[in-house]
Amino acid sequence: MSKPTTATLLIVCPDQRGLVAKFANSIYANGGNIIHADQHTDVAAGLFLTRLEWQLTDFLLPEAVIATAFNAIAQPLAAQWQLHFSDTVPRLALWVSRQDHCLLDLLWRQQAGELPATIALILSNHPDLAPIAAQFELPFHHLPITPETKASQEVKQLALLQDHYIDLVVLAKYMQILSPELIRQFPNIINIHHSFLPAFVGASPYQQAHQRGVKIIGATAHYVTPDLDAGPIIEQDVTHISHRDEVTDLIRKGKDLERLVLARAVRLHLQNRVLVYGNRTVVFA
């Protein structure tokens with residue numbers, strides 16, 4: 001039995017009295033049944049943030065006019081908002097390099113019905129993972145990147161995103177820095193990377209962590225911005241390290257974390273549970 005179609009509003013606006021009632025009443029007045037409602041007030045920023053999801057069964061407004069109707073409410077409140085429908089299936093592009101653990105995890109989860117999306121293509125700067133794309137019967141696009149070809153290859157990357165109607169790019173261990181221009185033209189990108197306490201940058205971070213004797217390693221999934229690895233954070237997790245762990249153990253544990261954290265972040269995004277404001281997020285999980 002299929003679930004009823006729902007609509008979801010994500011809203012951020014200057015805080016003031018009566019906002020919960022105003023937004024909820026706009027749905028109730030049109031026959032909507034709210035099934036999920038969450039909110040947060042950032043007192044320091046003076047902002048109100050909320051997520052409202054309601055069933056469209058018996059809703060008086062057709063999908064095509066809901067945005068226009070809500071905009072009349074949002075404009076006087078200086079609100080920024082997004083409207084999503086559960087019967088719209090997002091299209092994903094997975095970008096990879098040579099490591100396959102995050103790619104395989106996302107493919108398996110999507111195949112198992114855990115990710116409400118269509119994976120439309122796999123793109124890589126190396127040919128190594130083409131057999132995986134073939135196994136899952138997905139288009140594989142190999143676009144090598146060098147300093148000399150980076151700009152021209154990014155033009156091709158953007159054209160692929162447009163041609164395949166991509167809604168979200170997931171960097172599933174794509175080991176290239178994206179240019180500010182690419183991000184400006186296509187800002188809906190999620191990345192995954194290791195995160196250590198303390199942090200180790202550059203080559204061989206797990207070897208550095210092992211030499212330092214760290215007790216915790218972690219992973220971070222975030223939206224991509226021109227500031228490298230500094231975009232709004234969606235999901236993080238850590239695991240403990242023992243003095244008995246070798247470098248290979250750290251790498252294995254790190255990969256496990258990266259798989260889980262990236263999958264959670266992508267799922268939260270696809271469920272329209274992440275609201276970005278400034279360089280922060282509210283995650284209505």
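Keep in mind that the numbers below use all heavy atoms, side chains included, and drop hydrogens, waters and symmetry copies. Nothing here was measured: the structure is a model prediction, and the numbers come from that model.
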Practice problem: Step by step, work out the salt bridge (charged side-chain N to carboxylate O under 4.0 Å, His left out) result for Glu148 and Lys150. | Solution: CA-CA 6 Å; Glu148 294 75 25; Lys150 185 179 182 67; over 6 Å; no

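- Summarising the local packing, CD of Gln99 is surrounded by more than 12 heavy atoms from other residues, nucleotides or ligands at distances under 6.0 Å.
- Thr220 places no side-chain N or O within donor-acceptor distance of the main-chain N or O of His193, the cut-off being under 3.5 Å.
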Practice problem: With side chain to side chain contact (heavy atoms under 4.5 Å, CB included) as the test, would you mind laying out the steps for Lys156 and Glu154 before giving the verdict? | Solution: CA-CA 5 Å; Lys156 296 178 182 177; Glu154 286 194 343; over 6 Å; no

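- Defined by atom type and a distance below 3.5 Å, a donor-acceptor pair is missing between the side-chain atoms of His194 and Tyr206.
- Take Ala151 and apply the side-chain contact (heavy atoms from CB on, under 4.5 Å) test, not counting sequence neighbours, and it matches no residue.
- In summary, the side chains of Gln185 and Glu181 do present a donor paired with an acceptor at a separation below 3.5 Å, with no hydrogens or angles considered.
- Side-chain atoms of Ile183 and Thr225, non-hydrogen and from C-beta on, never get closer than 4.5 Å to each other.
- The shortest heavy-atom contact between Ala219 and Ser195 is N-OG, 3.3 Å.
- Nearest approach of Ala230 to Asn279, heavy atoms of both residues: O-ND2, 2.9 Å.
- The structure places CD of Gln176 at 10.5 Å from CD of Gln153, a figure rounded to the nearest 0.5 Å.
- Residues Leu52 and Val65 share a single hydrophobic cluster, defined by chaining ILVMFWY side chains whose heavy atoms lie under 4.5 Å apart.
- You'll find the side chain of Ile241 stays beyond 4.5 Å of the side chain of Ile216, heavy atoms only.
- The two atoms that bring Cys13 and Leu19 nearest to each other are SG-CD1, 3.7 Å, heavy atoms only.
- For the pair Ile190 and His269, the minimum side-chain heavy-atom distance is below 4.5 Å.
- Classified by interplanar angle (parallel below 30°, tilted 30° to 60°, perpendicular above 60°), the ring pair Phe59/Trp54 is tilted.
- Residues Leu161 and Val169 meet the side-chain proximity criterion, which asks for heavy atoms closer than 4.5 Å.
- In this structure, the side chain of Thr281 does not engage the main chain of Val283 through any donor-acceptor pair within 3.5 Å.
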Exercise. Could you give me the CA-CA distance, side-chain angles and deciding distance for Lys173 and Asp100, then say whether salt bridge (charged side-chain N to carboxylate O under 4.0 Å, His left out) is met?
Key: CA-CA 8 Å; Lys173 304 301 291 182; Asp100 62 4; over 6 Å; no

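- Of the inter-residue distances, the one linking Leu138 atom CG with Leu103 atom CG reads 9.0 Å to the nearest 0.5 angstrom.
- Closest heavy-atom contact between Cys102 and Ala172: CB-CB, 3.9 Å.
- From Gln236, atom CD reaches atom CZ of Arg264 across 11.5 Å, with rounding to the nearest 0.5 Å.
- Around CD1 of Ile34, the count of heavy atoms belonging to other residues, nucleotides or ligands within 6.0 Å exceeds 12.
- By the rule that hydrophobic residues join a cluster once side-chain heavy atoms approach within less than 4.5 Å of another member, Ile189 and Leu268 end up as members of separate clusters.
- The distance from the CG atom of Leu129 to the NE2 atom of His142 is 10.5 Å, given to the nearest 0.5 Å.
- A donor atom on one side chain and an acceptor atom on the other are not found under 3.5 Å apart for Arg259 and His101.
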Practice problem: Decide yes or no on ring pair (Phe, Tyr, Trp, His ring centres under 6.0 Å) for Phe284 and His40, but give the supporting numbers first. | Solution: CA-CA 9 Å; Phe284 296 111; His40 172 68; 7.9 Å; no

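- Of the possible polar contacts, one joining the Ser179 side chain to the Leu182 backbone as a donor-acceptor pair under 3.5 Å is found.
- Checked against Val282 for a side chain to side chain contact (heavy atoms under 4.5 Å, CB included), the options Thr50, Leu49, Leu10, Val276 give a single hit: Leu49.
- Minimum heavy-atom separation, Leu83 to Trp81: CB-CZ3, 3.9 Å.
- Gln208 and His210 share no donor-acceptor pair across their side chains, judged by distance under 3.5 Å alone.
- When the side chains of ILVMFWY residues are joined at heavy-atom separations under 4.5 Å, either directly or via intervening members, Leu171 and Leu123 end up in a single hydrophobic cluster.
- Put simply, the side chain of Asp15 never gets that close to the backbone of Asp42: no donor and acceptor are under 3.5 Å apart.
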Exercise. For the pair Thr146 and Thr149, evaluate side chain to side chain donor-acceptor pair (under 3.5 Å) and give the outcome as yes or no after the intermediate values.
Key: CA-CA 5 Å; Thr146 67; Thr149 65; 2.9 Å; yes

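- Side-chain contact between Leu104 and Ile132 is present, with at least one heavy-atom pair separated by less than 4.5 Å.
- Put simply, the side chain of Gln157 reaches to within 4.5 Å of the side chain of Ile145, judged on heavy atoms.
- The pair Asp249-Lys253 does not meet the salt-bridge criterion, since no charged nitrogen lies less than 4.0 angstrom from a carboxylate oxygen.
- Looking at Gln82 and Asn272, their side chains never come closer than 4.5 Å, going by heavy atoms from C-beta outward.
- Looking at heavy atoms from C-beta onward, Leu47 lies in side-chain contact with Tyr277 at the 4.5 angstrom threshold.
- At a threshold of 4.0 Å, the pair Arg273-Asp38 does not count as salt-bridged, since none of the basic side-chain nitrogens sits closer than that to a carboxylate oxygen.
- For the pair Glu114 and Pro116, the tightest heavy-atom approach, listed with the atom from each and the gap, is O-CD, 3.7 Å.
- A side-chain donor-acceptor contact under 3.5 Å links Ser124 to the backbone of Val96.
- More than 12 heavy atoms of other residues, nucleotides or ligands lie within 6.0 Å of CD in Gln16, so this atom counts as buried by the packing criterion.
- Here the CZ-CG distance, from Arg184 to Leu158, works out to 9.5 Å after rounding to the nearest 0.5 Å.
- Between Phe23 and Phe48, the ring planes lie parallel to each other; the angle is under 30°, not in the 30° to 60° tilted range.
- Between the side chain of Thr118 and the backbone N or O of Ala120, no donor-acceptor pair lies under 3.5 Å.
- Here Asp167 does not pair with Arg91 in a salt bridge; the nearest charged N to carboxylate O distance is not below 4.0 Å.
- Hydrophobic clustering (side-chain heavy atoms under 4.5 Å, transitive across Ile, Leu, Val, Met, Phe, Trp, Tyr) groups Leu56 together with Phe70.
- Within 6.0 Å of CG in Asp58 there are 12 or fewer heavy atoms belonging to other residues, nucleotides or ligands.
- Judged by distance alone, with hydrogens and angles left aside, the side-chain atoms of Thr8 form no donor-acceptor pair with the main-chain N or O of Glu53 at under 3.5 Å.
- When hydrophobic clusters are built by joining Ile, Leu, Val, Met, Phe, Trp and Tyr residues whose side-chain heavy atoms come closer than 4.5 Å, directly or via intermediates, Trp108 is grouped together with Leu92.
- Using a distance-only test at 3.5 Å, with no hydrogens or angles considered, no donor-acceptor pair links the side chain of Glu63 to the main chain of Phe85.
- Put simply, the side chain of Ser97 never gets that close to the backbone of Tyr174: no donor and acceptor are under 3.5 Å apart.
- Taking CG from Asp87 and NZ from Lys3, the interatomic distance works out to 14.0 Å, rounded to the nearest 0.5 Å.
- Between the side chain of Asn30 and the backbone N or O of Ile27 there is no donor-acceptor pair closer than 3.5 Å.
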